[in-house]
Structure formats: C-alpha cells, structure tokens
Amino acid sequence: MRFKHILASVLMATSIPLVCAGELPLREQPQFVDAITVFDLWVEQHIAHRGVPGLSIAVVSDQEIVWSKGYGYADLEKKVPATPSTVYRIGSITKLFTSTAILQLRDAGKLQLDDPVSLYLPWFSVPNPFPDAPEITIRQLLTHTSGLSREADFPYWTDHIFPTQVELAESVPEQDAINPPETTYHYSNLGLSLLGEIVTEVSGQPWADYVQANILKPLEMGSSSTAPDEKILQRLATAYMIEGPDGTRGIMEYYTEGAIAPAASIVSTVEDLGCFASLQFRDGPAGGDILKGSTLREMQRVHWVYDSFSGGRGLGFAVTRRDGKTFVGHGGSIGGNVSNLLMVPGEKIAVIVAINADDGSPYTVALQAYNTFAPPILAAVKKPAPAKPEADPSWQRYVGLYSDPWGWEYQVMILGGDLVIYGYDYPPWDDASTGYTELTPVEGSTFRRSDNEMVTFELDENGEVVRIKRNNNYLYPKE
C-alpha cells in the first residue's frame, strides 16, 4: 500500500504543467528528475512482479542519450549488477543492421531493391506451387512479404545446430514457398538470412565483416559485434530461461547462428544501440553517418500495410500508429535475451530496453519509459513559436468571395497575420476539421499555398482582382 501512495503522490507532482528550467541540462530539470523517480518506482515493481533477473535501458533524445540505467543483475549467482554497458544478445534487432547494409549497397548503385534475389544468388530457386507468382525480390525480403517460410529447413531453434552457408544454399531449392510473393506479411528469419548472403555476394566481404566495418565501427559501437570475441563474451549477461513453477531459472548457453546470423547474431549494449537510434534521426548526405537522411526516412515509412491496417513494415523496421503518433522499431528474442528498440522519429525520441530472461517484456518497459520521459523531453526541446508579423496592408485588395465555373465558393481572408484561402478543397472537401490553407508571398501578387502549389491574383490597371489563377485554372470575384 505504501508503494501505491508514493507513486500516486509522484504522479500528481509530475502532472503539474511543464515549465522550462532555464539553461539546466535536461537530466537536471525538475520535470525530468520527477520522471526518473516515477519510472524507478514502476520498473522496480515490474521486475519484482515478473521476477526478471536484470534489465538495462537507455533513453535517447535526438543525438544524445539523456538517461540510462541498469536494474537487477546481469548474473544472479555472482551478484553482478546490470548496467547500461552490460552486453546482451539482441536477436532480431540484428535484422535492422542487415537491412541497413542492403540500403548502403543500394545507395552505392550496387543493387536495386526490386531486383530478383536470384540475380545475386544463382542457387536461389524456390519450388513455387503458385504458377503465376512473380520472382521474389530484395524488397520483399526486407518487408517479410516474400512468401518464404519463417525458417530454413533445419531444427536449429531446437538443437542450436545452425546451417552453414553451403548447407543453406543446398537446402533452399528443396523448400517450398508457402505464399505467393507480396500477397501477405509473414515474418521470415530465412528471408533476412538470404539478405545477408546478398550483402556478402555484392560487397565481396562476409556479412559479419561488412556490418562490423561499415556500420558498427563508424557508429563507434565498440561493445557491439556480429561475431563477438572472448573479451566481449565475458561481459555478456547470463541468459536465463523461463521461470519455472518453483521460481528457478535454467541458464541458456551461448551459441552461434551460422548462416542465420544476419537475422539474429549481434550482441550489443543499450548504450551502443542508442548510437544506432541517434543515426535514425539524422538528415542530409550520408558522409560518415552511414546512410543519407532520405534513405533513413525511406526505411522508416510503411512499404507494406498489415491486413488489419494497424501498422505495417518499413524496410527492416516495424511501423505502427498509437495515440496519433508513428512508432518505428524492432524487437529481439534469442537464447535467454529479449530486447526492444522503440522510436518516435517525429519527436526524435527512442527507448532501448534489454532483459536477460526469455519471459521478460521489453516492449512493455520501453512503452512505459516513452510515456514517462517523452513529456519532459518535448517540453525541454520545444522552441517558442516566432511572433507572426502583421499582415501586409496591400493584401486587403485580395480579400473577398470567389467562385469557380462549377459554383464552388472560396473565401480569401486575413487570419492572424496570414493571408488564407478557405474552400471545399483546402484540404480535401471530405475533411471538415480545417478548411483553409495559408498563402505565403512569393513575388508581386503570387503566393505559395501550404501544399507548394502557386496562387496568383491577376489584377487590372486599377489594382483590382480580375481572377485568381490556381492549378492552371481560375476563380472569379463573386459580386
């Protein structure tokens, strides 16, 4: 009961309207300090309730990790505390690095996303029970819409004996597709493993070497590896299996993934993954930043919509809508480790969570952290809107009612210092929430609409409006 009273009082304290705290660093601002208090209480109860051994978390705002912490133990027996620098296996978050490698090679002109897989892997010949199905493409592997099975034809998640590249190449022609390409979403470790093979073939480097040299190293992810050596493995959190009825947990021994590595093999820390998250918020040319901004945006937008319309797939990323915001990220689960990378690109906020237990719930923790930390972060980075200048007095000549030959009416008026035009297609007529668009002066009596189309008020010799040219058509003053 005492915990509930403490939590309630802290939540009440943090419900006070947020006020910027001068030049204080974010982590020292009162609202952010309160958020840490709230989250500490929540996560400690969460760990106690679920019996989670250890948890590490990092919160990113744009190019900075603004807060990170470890809870519980990386090793229960030795009482080694979990920290932000604890190394975890990140499982399927590895797929984001393989996808990034593919987009790097695309941007370098070495492949195209709509190229057939067989163009780069001649041995890729999947028996296809769908006679009219098109060839499987790289894009379909990235969006999990290739129609391939979830796994290669080996029981590696049972015996932890993973196929070599040669064995994978020999088995694929014997494994039927289960759906026609690009007809449905079906998650596939096999598909991402094939992308790793394409990286190897196109770059001339093994997938592991390419990703290490071209992504992990430039991002200064020094505690991350595609093929960890003994030094990094010594920092690996002990991997605990699902808690048994008696409260005990078995330990999952470390294993390597062979040809399935591009789907699941990377080890990392939440701090290092914070560097990867910050990359996602950059813009401009690639330079030393791995990918150019337009490519990052391309990866993060939806390329395939789920049948439920609840979200979709980007190029490697999962994309969902929640409370009017777009969330982008990926989860991971492998051998006693679960993790989640959760981002809101529109706010440049990310949360990374890693847990060393199969039955942990990293997405739940990440979402709770986002809900707790996003308000003070957004309040701190919010810049006051610049004061609008007063309307140009000459704009008064444009004010009035206009119509097109079909009888649709448009009102030009001045609102809050802006010249605006109101009408049934500003925005489209079926959206009644806002019916106008601002007109930004360009030159003379020509203005730019908010959708970048031009509007010109054509004047007679007395400076009176004769007609408005818009979209190469005309509106006329209405008497």
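Residue numbers start at 1 and run along the sequence shown.
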Just distance, no hydrogens or angles: give the donor-acceptor pairs under 3.5 Å from side chains in residues 262-273, sequence neighbours left out.
from: S265; atom 1: OG; to: T226; atom 2: O; distance (Å): 3.4
from: S265; atom 1: OG; to: A261; atom 2: O; distance (Å): 3.1
from: S268; atom 1: OG; to: S224; atom 2: OG; distance (Å): 2.7
from: T269; atom 1: OG1; to: E271; atom 2: N; distance (Å): 3.4
from: T269; atom 1: OG1; to: D272; atom 2: N; distance (Å): 2.9
from: D272; atom 1: OD2; to: G222; atom 2: N; distance (Å): 3.4
from: D272; atom 1: OD2; to: S223; atom 2: N; distance (Å): 2.9
from: D272; atom 1: OD2; to: S224; atom 2: N; distance (Å): 3.1
from: D272; atom 1: OD2; to: S224; atom 2: OG; distance (Å): 2.7

Kindly list each side-chain donor-acceptor pair under 3.5 angstrom involving residues 360-368, sequence neighbours excluded, with atom names and distances?
from: S361; atom 1: OG; to: T364; atom 2: OG1; distance (Å): 2.6

Please report, to 0.1 Å, the donor-acceptor pairs under 3.5 Å made by any side chain of residues 48-61, with sequence neighbours excluded.
from: R50; atom 1: NH2; to: D359; atom 2: O; distance (Å): 2.8
from: S56; atom 1: OG; to: T83; atom 2: O; distance (Å): 2.7
from: S56; atom 1: OG; to: Y88; atom 2: OH; distance (Å): 2.8

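For the residue pair H303 and E298, the shortest heavy atom distance occurs at NE2-O, 2.8 Å. Across all non-hydrogen atoms, the minimal contact from F97 to I93 is CD1-O, 3.6 Å. Residues R27 and E64 approach most closely at NH2-OE2, 3.5 Å, considering heavy atoms. The two residues W207 and T98 have their closest heavy-atom pair at NE1-OG1, 3.0 Å. Here the closest non-hydrogen pair linking G316 and L96 is O-CD2, 3.5 Å. L341 and A277 make their closest contact through CD1-CB, 4.1 Å (heavy atoms, listed as atom of the first residue, atom of the second, distance).
The CG atom of L192 sits 7.5 Å away from atom CG of L142, with the distance rounded to the nearest 0.5 Å. Here the straight-line distance linking atom CD of E201 with atom CD of Q165 works out to 12.0 Å at 0.5 Å rounding. Note that CG of N340 and CD1 of I355 are 9.5 Å apart. Values are rounded to the nearest 0.5 Å. Between atom NE2 of residue H144 and atom NE2 of residue H186 there is a gap of 10.5 Å, rounded to the nearest 0.5 Å. Between atom CE of residue M343 and atom CD1 of residue I352 there is a gap of 9.0 Å, rounded to the nearest 0.5 Å. Note that the CE atom of M299 and the OG1 atom of T100 stand 4.0 Å from one another [nearest 0.5 Å].
Using a distance-only test at 3.5 Å, with no hydrogens or angles considered, a donor-acceptor pair links the side chain of S188 to the main chain of S149. Remark: side-chain polar atoms of R235 are paired, donor with acceptor, to backbone N or O of S85 under 3.5 angstrom. At least one donor-acceptor pair under 3.5 Å links the side chain of Q63 to the backbone N or O of S278. With hydrogens and angles disregarded, no donor-acceptor distance shorter than 3.5 Å links the side chain of T94 to the backbone of I90. Remark: side-chain polar atoms of E28 are not paired, donor with acceptor, to backbone N or O of P25 under 3.5 angstrom. No donor-acceptor distance shorter than 3.5 angstrom exists from the side chain of R139 to the backbone of D115, with no hydrogens or angles considered. A donor-acceptor pair is defined here as one N or O able to donate and one able to accept, closer than 3.5 Å; no such pair exists between the side chain of D209 and the backbone of P206. When atom types are taken as modelled, the side chain of T86 and the backbone of A237 share no donor-acceptor pair closer than 3.5 angstrom. Side chain of Q140 to main chain of P181: no donor-acceptor pair is present (N/O by atom type, distance under 3.5 Å, no hydrogens or angles).
For D229, the CG atom sits in a packed shell: over 12 heavy atoms of surrounding residues, nucleotides or ligands are nearer than 6.0 Å.
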Inset, instruction - Tell me, with the steps shown, if L315 and T143 meet side-chain contact (heavy atoms from CB on, under 4.5 Å). - result: CA-CA 6 Å; L315 299 178; T143 57; 4.1 Å; yes
Inset, instruction - Would you check, one step at a time, whether the test side-chain contact (heavy atoms from CB on, under 4.5 Å) holds for Q205 with N214? - result: CA-CA 11 Å; Q205 292 179 269; N214 293 280; 3.7 Å; yes
Legend entry - Steps toward side-chain hydrogen bond (donor to acceptor under 3.5 Å, both in side chains) verdict (D307, Y185): CA-CA 8 Å; D307 290 345; Y185 164 78; over 6 Å; no
Legend entry - Residues Y71, H46; criterion side-chain contact (heavy atoms from CB on, under 4.5 Å); working and verdict: CA-CA 11 Å; Y71 297 86; H46 177 81; over 6 Å; no
Inset, instruction - Check step by step if side-chain contact (heavy atoms from CB on, under 4.5 Å) holds for V381 and K348. - result: CA-CA 10 Å; V381 301; K348 296 187 177 183; over 6 Å; no
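Under the ring-ring contact (aromatic ring centres under 6.0 Å, His included) criterion, W123 pairs with no residue at all, not counting sequence neighbours. The ring-ring contact (aromatic ring centres under 6.0 Å, His included) test applied to Y240 returns no partner, not counting sequence neighbours. The ring-ring contact (aromatic ring centres under 6.0 Å, His included) search around F281 returns none, not counting sequence neighbours.
With 3.5 Å as the limit, one finds no donor-acceptor pair spanning the side chains of K292 and T295. For the residue pair R321/T326, the side-chain donor-acceptor check at 3.5 Å is satisfied. Between the side chains of Y73 and N356, no donor-acceptor pair is found at a separation under 3.5 Å.
For the pair R89 and Y255, the cation sits on the ring face: its NZ or CZ lies under 6.0 Å from the ring centre, inside 45° of the axis.
Considering only heavy atoms from C-beta on, L148 comes within 4.5 Å of L194 through its side chain. Side-chain contact between R301 and F317 is absent, with no heavy atoms from C-beta onward closer than 4.5 Å.
Here the two rings, on F32 and W67, have centers that are 6.0 Å apart or farther.
Comment: R449 engages D451 in a salt bridge, judged by a side-chain N to carboxylate O separation of less than 4.0 angstrom.
Between Y370 and F327, the angle of the ring planes goes over 60°, which puts this pair in the perpendicular group of the 30/60° scheme. Under the 30°/60° scheme for interplanar angles, the aromatic rings of Y156 and F162 are found to lie parallel.
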